[in-house]
Amino acid sequence: MRSIFVVGLLAVCVLAGCKRDAVDDTAALGDGTVTISGDDAVVAQLNWAPPLVTIPDDGRDAALETADAALAADDLYATPTSAIPLYLALARMPEHETAARRGLREAQARLLALGAQALVEADEQDSIAGMRAAHDFAAVARFLAPGDDAVVRYLERVDDSDRLWELNRAAERDLQAGELGESGGGALAKFREAAAQRPGQPRALQGMAAVESEMIRRAELAADAADYNGASRWLAHATTIRPGFPTVADAEQRLERRRAAHIRRLRDEGLDALPKIRGVDIARERLAQIIGIADPGDPVANDLRQRIDQAVHYGDFRPGQVFTDALEGGARGPQVVVLPHGGFMMGALPGDRDAEDNEKPRHPVRFERGFAMGVREVSVGEFRRFVDATGYQSRAVRRGFSLAYDERTGNFLRRSNVDWRSDYVGRPAGDTLPVVHVSAKDAQAYVDWLSAQSGRRYRLPSEAEFEYAFRNGSSERYPWGEGTPPDGAGNMTGALDRSPGGRSWGNAFPDYEDGYWGPAPVGSFEPNTWGVHDLAGNVSEWMADCWHATYRRAPDDGSAWVNPGCRDQVIRGGSWASSPAQTRASWRALAQVDTTNARLGFRVVREL
């Protein structure tokens with residue numbers, strides 16, 4: 001004969017010591033479950049019903065042995081031959097009740113131990129199988145002894161793990177949806193809460209690492225779109241996730257290298273474009289892109305900005321650069337120096353007692369582009385090269401005379417056979433002396449020849465250019481300020497100068513002597529701060545401008561003020577025989593274009 005047992009509330013009674021008649025041992029339920037009411041109701045995943053156990057009358061001892069073997073093998077509850085279902089059935093049999101209860105207690109302890117291991121596996125290895133096993137163990141333990149302190153503690157641990165599991169799952173869903181939580185909430189906040197709930201919990205830590213990784217990826221995507229500020233913001237968020245880990249620092253270095261390479265590439269594209277048509281516009285676009293991604297004051301941006309400014313204002317040159325152009329046949333043109341672009345106030349200073357009306361009104365002039373001016377006046381040797389190459393006959397050569405200094409009278413008198421080859425008294429001039437006895441037309445012929453020989457545009461200075469160079473950034477009447485010039489300031493009229501015949505100047509700078517009566521070789525005195533010699537002395541110079549009695553309606557861009565066919569042109573700059581008033585920065589005078597004398601020469605300007 002076989003005995004069929006349906007085990008339900010029996011387990012509670014077995015471990016709690018209930019009376020046997022508390023359950024109907026013949027009331028088998030068709031679905032194999034037991035209905036538990038009241039405070040014992042739990043979610044379905046914590047419900048467990050023992051399987052149906054059939055034990056023959058003559059097999060009870062064998063069933064006990066099977067239960068003990070199943071317990072030893074950790075086969076605790078899954079089948080009718082598992083330990084707990086057998087022990088529950090045997091506990092109904094008086095001769096095996098004691099042994100069955102002992103077995104149930106040992107099985108319960110083993111359940112809780114295996115459940116604890118399953119929780120560790122679930123928490124530390126992110127194992128869903130471990131979590132399911134922990135729930136199964138919890139359901140059986142709760143069935144056996146819901147009020148037992150150890151079981152209650154285990155169930156509380158399962159509840160904690162459930163909350164942790166769900167918190168991680170919610171964080172992972174946020175992460176999958178792209179809700180990282182960089183501004184609060186989202187995946188990061190949930191992973192942090194999980195980590196705080198279970199310090200060191202691998203799933204939460206891995207989740208935070210995943211959020212960090214996604215922020216780094218977004219930083220890289222921002223960098224791909226040249227949004228390096230956005231990339232920096234993402235990395236700043238990522239830095240707060242796992243302080244001390246090198247991941248973000250490594251990403252920062254990678255992105256910084258990418259940004260530096262991007263900046264260099266933009267700079268190179270800008271530099272390559274500069275010499276081309278619309279090159280400045282392209283270079284400015286690249287500069288704007290660099291400024292958008294570089295730190296303030298970035299040296300690469302500053303370099304490109306300077307190169308653009310240089311191209312706009314100086315072409316292939318730079319301020320202060322001294323150079324010469326090659327001429328046909330292998331000769332070189334006059335040495336010129338690049339003057340900076342900028343502005344100044346042109347004309348007589350307020351309160352200048354020596355100022356004439358033609359030096360007024362004082363007005364602003366601005367040069368948007370630099371220009372190169374002759375470092376020295378054109379020399380006799382340089383003009384000779386022009387005449388030898390072209391056979392040009394100057395005005396004085398054609399008419400056979402010029403005005404030369406007469407030592408006997410101290411005046412400038414007409415002398416025959418005096419021309420560009422002559423010095424201030426009419427003797428043969430050395431090649432290093434400034435060429436004099438040349439007219440404005442002679443000077444223009446020379447610069448036209450230079451232009452043709454070099455392929456560059458040479459011309460006479462505008463008087464605005466001359467005064468700009470004369471002042472070289474100052475606003476004084478004289479290059480040295482006021483009063484007597486310092487020693488070596490230039491070849492000007494000094495009260496201590498003496499002619500070969502012992503003459504002295506009646507109107508001169510007091511207590512000054514330069515050692516010359518007549519022009520000095522070009523460049524004999526120190527240049528001004530812009531590198532130009534003899535603007536205040538040595539010889540006066542022809543300008544490109546036609547004469548105008550005032551500056552009203554004068555150009556404000558530094559260009560020459562020219563009227564076609566004008567007969568009078570401007571001369572600027574003091575000479576070896578000029579009064580102190582004629583040595584001022586604003587002094588100007590007129591001369592007919594055919595005028596030649598021993599005080600008047602010229603220098604060149606080369607456009608950039």
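FYI, the numbering just counts along the sequence from 1. Predicted model only: the values in this text are computed from it and were never measured.
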Can you list everything that forms a side-chain contact (heavy atoms from CB on, under 4.5 Å) with D309? Sequence neighbours excluded, please.
R305, H313

May I have the step-by-step check of side chain to side chain contact (heavy atoms under 4.5 Å, CB included) for L339 and E465, ending in yes or no?
CA-CA 10 Å; L339 303 189; E465 289 169 336; over 6 Å; no

Residues R265 and H262: side-chain donor-acceptor under 3.5 angstrom
yes

Shortest non-hydrogen separation from S475 to R362 and the atoms involved:
CB-NH2, 4.3 Å

Between D448 and Q444, does the side-chain hydrogen bond (donor to acceptor under 3.5 Å, both in side chains) criterion hold? Intermediate values first, please.
CA-CA 6 Å; D448 289 344; Q444 186 62 49; 3.0 Å; yes

So does G518 get a backbone contact from the side chain of N491, meaning a donor-acceptor N/O pair under 3.5 Å?
yes

If only atom types and distance count, is the side chain of T493 paired as donor or acceptor with the main-chain N or O of S578 below 3.5 Å?
yes

Run the side chain to side chain contact (heavy atoms under 4.5 Å, CB included) test on V532 and N472 for me, step by step, so that the C-alpha distance in whole Å, both residues' side-chain angles and the decisive distance to 0.1 Å come before the verdict.
CA-CA 9 Å; V532 186; N472 64 105; over 6 Å; no

Indicate yes or no for a side-chain donor-acceptor contact from Y512 to the backbone of A489 under 3.5 Å, with no hydrogens or angles considered.
yes

Return the set of residues passing salt bridge (charged side-chain N to carboxylate O under 4.0 Å, His left out) with R599 (not counting sequence neighbours), or none when no residue passes.
none

Under the 6.0 Å and 45° cation-pi test, does R456 pair with Y458?
no

Would you check, one step at a time, whether the test salt bridge (charged side-chain N to carboxylate O under 4.0 Å, His left out) holds for E220 with R217?
CA-CA 5 Å; E220 291 171 342; R217 189 185 73 86; over 6 Å; no

Just to verify, what does A219 make a side-chain contact (heavy atoms from CB on, under 4.5 Å) with, not counting sequence neighbours?
A231, W234, L235, L255

Partners of R258 by salt bridge (charged side-chain N to carboxylate O under 4.0 Å, His left out), sequence neighbours excluded?
D224

Is the side chain of S462 donor-acceptor paired with the backbone N or O of G558 at a distance under 3.5 Å, no angle test?
yes

Is a donor from one side chain sitting under 3.5 angstrom from an acceptor on the other, for N229 and S232?
no

If only atom types and distance count, is the side chain of Y446 paired as donor or acceptor with the main-chain N or O of V604 below 3.5 Å?
no

Are the side chains of C566 and W547 in contact, using a 4.5 Å heavy-atom criterion?
no

Might you point out which heavy atoms bring E377 and N538 nearest each other, and give the distance in Å?
OE1-ND2, 3.2 Å

Sub-3.5 Å donor-acceptor pair from the side chain of D174 to the main-chain atoms of E179, do we have one?
no

Kindly give the heavy-atom pair with the smallest separation between P519 and P434, and that separation in Å.
CB-CG, 3.7 Å

Drop me the distance from H548's NE2 to W561's CH2, to the nearest 0.5 angstrom.
4.5 Å

For D316, is the CG atom crowded, meaning more than 12 foreign heavy atoms sit under 6.0 Å from it?
no

Whether R471 side chain and A585 backbone form a donor-acceptor pair below 3.5 Å:
no

Main-chain N/O of W587 paired with R572 side-chain donor or acceptor, under 3.5 Å
yes

Residue D281 excluded, over 12 heavy atoms near CG under 6.0 Å
yes

What residues form a side-chain contact (heavy atoms from CB on, under 4.5 Å) with R332, not counting sequence neighbours?
T324, A326

Any non-hydrogen side-chain atom of F401 less than 4.5 Å from a side-chain atom of T596?
no

Other residues, nucleotides and ligands only: do more than 12 of their heavy atoms fall within 6.0 Å of CD on Q592?
no

Does R233 come within less than 4.0 Å of E182, counting only side-chain N to carboxylate O?
no

Are more than 12 heavy atoms from other residues, nucleotides or ligands located less than 6.0 Å from atom CD of Q176?
no

Got a salt bridge between D594 and R567, using NZ or NE/NH1/NH2 to carboxylate O under 4.0 Å?
yes

Ion pair R588/D545, N-O distance below 4.0 Å
no

State yes or no: are the ring centers of W449 and Y392 separated by less than 6.0 Å?
no

Are there over 12 heavy-atom neighbours, none belonging to E476, within less than 6.0 Å of that residue's CD?
yes

Restricting to non-hydrogen atoms, name the atom on V365 and the atom on A464 that form the minimum distance, rounded to 0.1 Å.
CG1-CB, 4.3 Å

Take D352 and K360 through the salt bridge (charged side-chain N to carboxylate O under 4.0 Å, His left out) test and state the conclusion after the steps.
CA-CA 11 Å; D352 184 349; K360 303 172 184 177; over 6 Å; no

What do the steps show when you test L450 against F386 for side chain to side chain contact (heavy atoms under 4.5 Å, CB included), and what is the final call?
CA-CA 8 Å; L450 276 182; F386 155 61; over 6 Å; no

Got a sec: does the CZ of R307 have more than 12 other heavy atoms crowding it under 6.0 Å?
no

Do the ring centers of Y516 and Y424 come within less than 6.0 Å of each other?
no

Check ion pair E382-R385 (N to O, under 4.0 angstrom)
no

Could you give the distance from CG (D419) to CG (N417), rounded to the nearest 0.5 Å?
8.0 Å

Taking CZ in R414 as the centre, count heavy atoms belonging to other residues, nucleotides or ligands within less than 6.0 Å. Is the count above 12?
no

Quick one: closest heavy-atom pair of V436 and G601, and the distance?
CG1-N, 4.5 Å

More than 12 foreign heavy atoms under 6.0 Å from CZ of R552: is that the case here?
no

Minimum heavy-atom separation for L327 and S454, please, with both atom names.
CD2-CB, 3.9 Å

Rounded to the nearest 0.5 Å, what's the gap from CG on L266 to CD1 on I293? Could you check?
5.5 Å

For the pair Q310 (side chain) and F317 (backbone), establish whether a donor and an acceptor sit closer than 3.5 Å, ignoring hydrogens and angles.
yes

Given E269, which of R284, K276, R286, R264 fulfils the salt bridge (Lys or Arg N to Asp or Glu O under 4.0 Å) condition?
R286

Please report the interatomic distance OG1(T583) to CG(L535), rounded to the nearest 0.5 Å.
12.0 Å

Only pairs at least two apart or in different chains count here, so list each ring-ring contact (aromatic ring centres under 6.0 Å, His included) that has a residue in residues 279-298.
none

Going through the distances and angles, do V322 and V337 end up as a side chain to side chain contact (heavy atoms under 4.5 Å, CB included)?
CA-CA 4 Å; V322 177; V337 60; 3.8 Å; yes

Quick one: does D497's side chain have a donor or acceptor within less than 3.5 Å of a partner on D514's backbone?
yes

Would you call the rings of F470 and F466 parallel, tilted or perpendicular if under 30° counts as parallel and over 60° as perpendicular?
tilted

